[in-house]
Amino acid sequence: MAPRRASLAAVAALALAAAPATADAATSPTDRARDARGPLDLLAGSLSQEGPDLRLQLRTRGPWGPRQLVPSQHRSLCVELFRGRDADPRSRLCVLGRSGSTRAELRFERLSAGGAVLAQRTLADVHRPDLRTVQATFTPAQVELGVGDYRWRATSSWTGPPDCAAKPCIDLLPDRGTIRGRILPPRVAGCVPRGASYRLAGPGHRKVVALTFDDGPSFYTPQVLRILRHFRIHATFFLIGQQVRPNASLVREELAEGHAIGDHTWNHANVSGGGSFAYSQISSTRAAIRSASGYYTPCLFRAPYGAVSGALFPVARSLGMLTIEWDVDPRDWSRPGTGSIYSTVVGQARRESIILMHDGGGPRNQTVAALPSIIRTLRSRGYGFETLPDLLGLKPVYG
Ligand code: ZN
């Protein structure tokens, strides 16, 4: 954190803060601040995972403006990324100003073992909460990191009197060695309910459908999961609360394989009257799902029998859930025959349909038998398959 050379006095930073560097620099107080060229010794830095993203923050002793962070000014602010036990960084992220612009961007550079730049690209504009801080968000893939361990350190260089006039000063954070980081697969822990509280289907723009399975987890759930795994597609399961704890491993398997989970009341009660009865049926199931998974909170509710009312929606919404029904119902619970289930689903499915089926509540061998051909036929017609939160465009919560 201390610069390699003698640290700079704060008064020097203040004196330098107002010096414009380019002839066309405007002279308003704001623009002078953007031209600040204080010392860049590093006070603090962090690189942390937030859901699927990496978030970088660096803080310097002196203020700096983007117009001063260009190569011709001999000033740099970078993060070096190391893999495995490599002594040398294999890539670098640098904050770069643009000459004549008040914005700064984050540039990725892939390095050879000798430090030569093999490839480079701009990742994103950076965010400046104040003139000493820079923040940026990007994905591990954008900086060529995968799941696993990595190491990093921040580096800066700058010139300026009194101590760094003749030769640039250089600072490292940490002063010695590197900081260890680990990238984990992002884990979806729920979604943010948004928009109308009651849905029968998506808006119908995209050629995708959502397969949904009610009344599990049960004996049939592993068979449904196996088929979904075979076709590499994701679905949504609406769970009965009292079946969650005895089948906790199935709940965890559903989530681990990327499926979404919704709340279908504690014991398949008719909760259309709303009120405290509906509240306790839905909230106890939510608690069971949280407990069995350890991290997941459902944001979707489906009313047993499709029995809904204006009194029910606000109860579900107060528990953070949208109420979801369907627009395709093959009545598979009535055991109409595998062929009937198949022909109803493929006959009625349209863009952004929500398809109702069951993986519990009774014998579901017809549903299981119909599922592969349903998927094959819809896929051959160009349909994709999404979880309900994805189909409805609900923002995921990570945790
Ligand atoms: Zn049901």
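Counting starts at 1 for both ligands and their atoms, following the listed order. What you see is a predicted model; the values in this text were computed from it and never measured. Here, residue 1 is the first one in the sequence, and each next residue gets the next number.
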Check ion pair Asp130-Arg59 (N to O, under 4.0 angstrom):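 Yes, this pair counts.
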
Whether His358 has an N, O or S atom under 2.8 Å from the Zn ion (ligand 1):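 Under 2.8 Å: His358 has no N, O or S contact with the Zn ion (ligand 1).
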
Nearest to the Zn ion (ligand 1) - the N/O/S atom of His264, by atom name: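 Output for this pair reads NE2.
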
Shortest-distance N, O or S atom of Asp215 relative to the Zn ion (ligand 1):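 Checking each N, O and S atom of Asp215, the shortest distance to the Zn ion (ligand 1) belongs to OD1.
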
Euclidean distance, Trp64 CH2 relative to Leu77 CG, rounded to 0.5 Å: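 So the gap between those two atoms works out to 5.5 Å.
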
Between CG on residue Leu211 and NE2 on residue His259, distance to nearest 0.5 Å: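 Interatomic distance, Leu211 CG to His259 NE2, rounded to 0.5 Å: 10.0 Å.
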
Among Asn247, Asp215, Asp359, the one residue meeting side-chain hydrogen bond (donor to acceptor under 3.5 Å, both in side chains) with Thr221: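 Running side-chain hydrogen bond (donor to acceptor under 3.5 Å, both in side chains) over Asn247, Asp215, Asp359 with Thr221 returns exactly one hit, Asp359.
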
